[in-house]
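Notes follow once the structure below has been shown.
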2 protein chains.
Amino acid sequence: MDGRSRRRGDTRQRLYEAAVELIAERGFSATTVDDIALRANVAKGTVYYNFKSKTELFEELLRHGVGLLTEEFRVAVEGLPPREAVRALVRAQLAYIKRYRAFAQLLVSEMWRTNREWQQTLVLLREQAIGVIAETVQAGVDSGDLPADLDVRVASAALFGVGLVVAVDWLVFQPDRPIEDVEESMLAIVRRVA
Amino acid sequence: MDGRSRRRGDTRQRLYEAAVELIAERGFSATTVDDIALRANVAKGTVYYNFKSKTELFEELLRHGVGLLTEEFRVAVEGLPPREAVRALVRAQLAYIKRYRAFAQLLVSEMWRTNREWQQTLVLLREQAIGVIAETVQAGVDSGDLPADLDVRVASAALFGVGLVVAVDWLVFQPDRPIEDVEESMLAIVRRVA
DNA sequence: CGAACTAAACTGACTGGTCAGTACAAAAAC
DNA sequence: GTTTTTGTACTGACCAGTCAGTTTAGTTCG
């Protein structure tokens with residue numbers, strides 16, 4: 001780990017942070033590369049030294065963010081029995097969204113859009129995140145802890161989508177409401193699998 | 001209602017339809033006024049004859065769409081007892097989203113964004129739609145049909161957000177799944193108030 | 001040691017294209 | 001004869017991406 005790659009990593013990190021905030025607020029197209037560079041305290045050229053294009057910066061940002069989320073999902077469920085594991089997933093998702101609020105907003109904005117360049121990337125990433133949930137739910141069904149008639153794929157997708165929207169709604173419209181309430185609401189909503 | 005205003009109304013309607021589809025796909029900034037005019041089979045000047053600006057077209061589009069939704073909400077609950085009324089709301093939301101898929105996608109994309117020009121408009125419209133739900137839920141709490149400890153505001157907001165996201169997810173990722181399944185899922189999710 | 005060298009990282013002025021909004025005369029609809 | 005729409009042309013602001021040049025961090029060698 002020499003100084004060069006550390007420096008470069010720092011720059012990329014700063015660019016991610018700047019881009020995620022601006023894009024969450026304004027959307028991809030309304031965010032200019034100049035804005036991103038300015039907020040990251042970097043010259044415009046540096047953006048293009050580190051990323052092939054504005055779109056690529058965004059796609060790598062998506063990969064980066066969803067990668068972190070699935071990572072936390074995996075850590076959260078490690079060694080837990082099914083129903084507890086599902087609860088742990090809800091908690092992990094909530095904590096993640098609280099921590100990376102802007103990224104979560106951005107995901108909500110882009111997740112259900114069609115025909116954009118990065119749509120394919122996003123579908124893949126969605127599969128990846130939902131995949132971790134599905135493994136957990138499947139294990140619960142196999143072990144008999146969860147109802148056998150549960151459609152694992154659908155339940156996992158619903159879990160993911162509902163968690164995203166309830167948590168983001170909370171952060172945007174009811175930020176004063178304590179986090180325990182939100183966790184409780186989410187668990188109430190997904191009671192059938194938790 | 002003379003022929004002139006009907007004609008004008010038609011043009012505006014066509015512009016709404018063109019704009020909603022394009023903006024749902026690409027987002028507001030990535031959609032050009034020329035594109036909208038082209039898709040609506042209208043000259044660019046006509047857009048500006050009917051609307052002050054691109055932004056105003058979009059805001060009126062939002063008002064128009066949410067107006068229709070609340071209208072359908074009101075019709076749906078008319079004269080129904082509380083729990084049935086809630087079910088009717090779910091069904092109405094689902095039907096609406098199925099019918100105006102693009103508008104629903106657009107709402108999901110914009111609803112939880114911050115700092116855009118039309119943010120204030122959207123907050124108001126959200127209040128309006130959730131208001132109808134809240135009236136119904138409140139009536140249920142008052143009559144004892146729904147649990148007294150239910151936070152009406154929060155439950156209504158959750159109902160609205162979850163419905164939006166589950167339905168849009170269905171249309172985008174599982175369009176072959178029959179509508180009854182989706183209705184069933186949504187009702188299962190909101191069981192506490194239905 | 002430190003001077004000279006090298007490649008990686010970064011800079012910011014510039015370019016070519018795009019797009020919101022305007023102008024307006026002529027035509028069509030009512 | 002008034003309202004609405006058309007078609008075309010135009011402008012000025014804005015912006016993604018480029019590139020020639022500069023700085024920085026690590027390396028080599030006296």
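These numbers come from a predicted model, not from an experiment. Letters go in sequence order (proteins before strands), and every chain restarts at 1.
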Please work out which of the three classes, parallel, tilted or perpendicular, describes the rings of A:Phe58 and A:Phe28, given edges at 30° and 60°. tilted

May I ask you to say what A:Lys54 touches in the nucleic acid, namely base, sugar-phosphate or nothing, with a heavy-atom cut-off under 4.0 Å? sugar-phosphate

Counting N and O atoms only, with roles assigned by atom type, does the side chain of A:Arg39 sit under 3.5 Å from a partner on the main chain of A:Ala18, one being a donor and the other an acceptor? no

If every non-hydrogen atom of B:Ala148 is compared with every non-hydrogen atom of B:Val141, which pair is closest and at what distance? CA-CG1, 4.1 Å

Is B:Thr11 near enough to D:dT5 that one of its side-chain N or O atoms lies under 4.0 angstrom from OP1 or OP2? yes

B:Phe73 versus B:Ala92, closest heavy-atom pair with distance: CD2-CB, 4.2 Å

Please pick, from D:dG17, C:dA9, D:dT5, the nucleotide with the shortest atom-to-atom distance to any side-chain atom of A:Arg8. C:dA9

Expressed as a whole number of angstroms, how long is the span from A:Glu117:CD to D:dA16:C1'? 12 Å

Could you tell me whether the phosphate oxygens of D:dT4, OP1 or OP2, come under 4.0 Å of any side-chain nitrogen or oxygen in B:Asn50? no

Rounded to whole Å, please give me the gap between NZ in B:Lys52 and C1' in C:dT22. 15 Å

When you check the phosphate oxygens OP1 and OP2 of C:dA20, does a side-chain N or O of B:Ser53 lie under 4.0 Å from one of them? no

Between P on C:dA20 and CG on B:Leu22, what's the gap in Å once rounded to a whole number? 12 Å

Taking 4.0 Å as the cut-off, does a side-chain nitrogen or oxygen of A:Tyr49 come that near to OP1 or OP2 on C:dC10? no

cation_pi(B:Arg12, B:Phe51) dist<6.0 Å, angle<=45: yes

Under 4.0 angstrom, heavy atoms only, what part of the nucleic acid is B:Val42 near: base, sugar-phosphate, or nothing? sugar-phosphate

Atom-pair distance (CD1 on A:Ile36; C1' on C:dT11), nearest Å: 17 Å

A:Phe51 atom CZ is separated from D:dA16 atom P, nearest whole Å, by 15 Å

Kindly confirm or rule out a cation-pi arrangement of A:Lys54 over A:Tyr48, judged by NZ or CZ under 6.0 Å from the six-membered ring centre and within 45° of its axis? no

Over all strands shown, is B:Asn41 touching base, sugar-phosphate only, or nothing at heavy-atom distances under 4.0 angstrom? sugar-phosphate

Of B:Gly45 and A:Ser29, whose nearest nucleotide on DNA chain D comes first from the 5' end? B:Gly45

For the pair made of CG in A:Asp10 and P in C:dA8, what is the distance, rounded to whole Å? 19 Å

Options D:dT5, C:dG12, D:dG7, nucleotide nearest the side-chain atoms of B:Ala43: D:dG7

So for B:Lys44 and C:dG21, does any side-chain atom that can act as donor or acceptor lie under 3.5 Å from a complementary atom in the base? yes

Looking only at the side chain of A:Asp34 (C-beta and beyond, no hydrogens), which of the listed nucleotides C:dT22, D:dT5, D:dC15 gets closest? D:dC15

In this structure, how many angstroms lie between the P atom of C:dC10 and the CZ atom of A:Arg12, rounded? 10 Å

For a quick check of understanding: with a heavy-atom distance under 4.0 Å over all strands, which category does B:Thr31 fall into, base, sugar-phosphate or nothing? sugar-phosphate

At under 4.0 Å between heavy atoms, what does A:Thr46 touch on the DNA or RNA strands: base, sugar-phosphate, or nothing? base

Nearest of C:dA9, C:dA20, C:dT11 to any side-chain atom of B:Tyr48? C:dA20

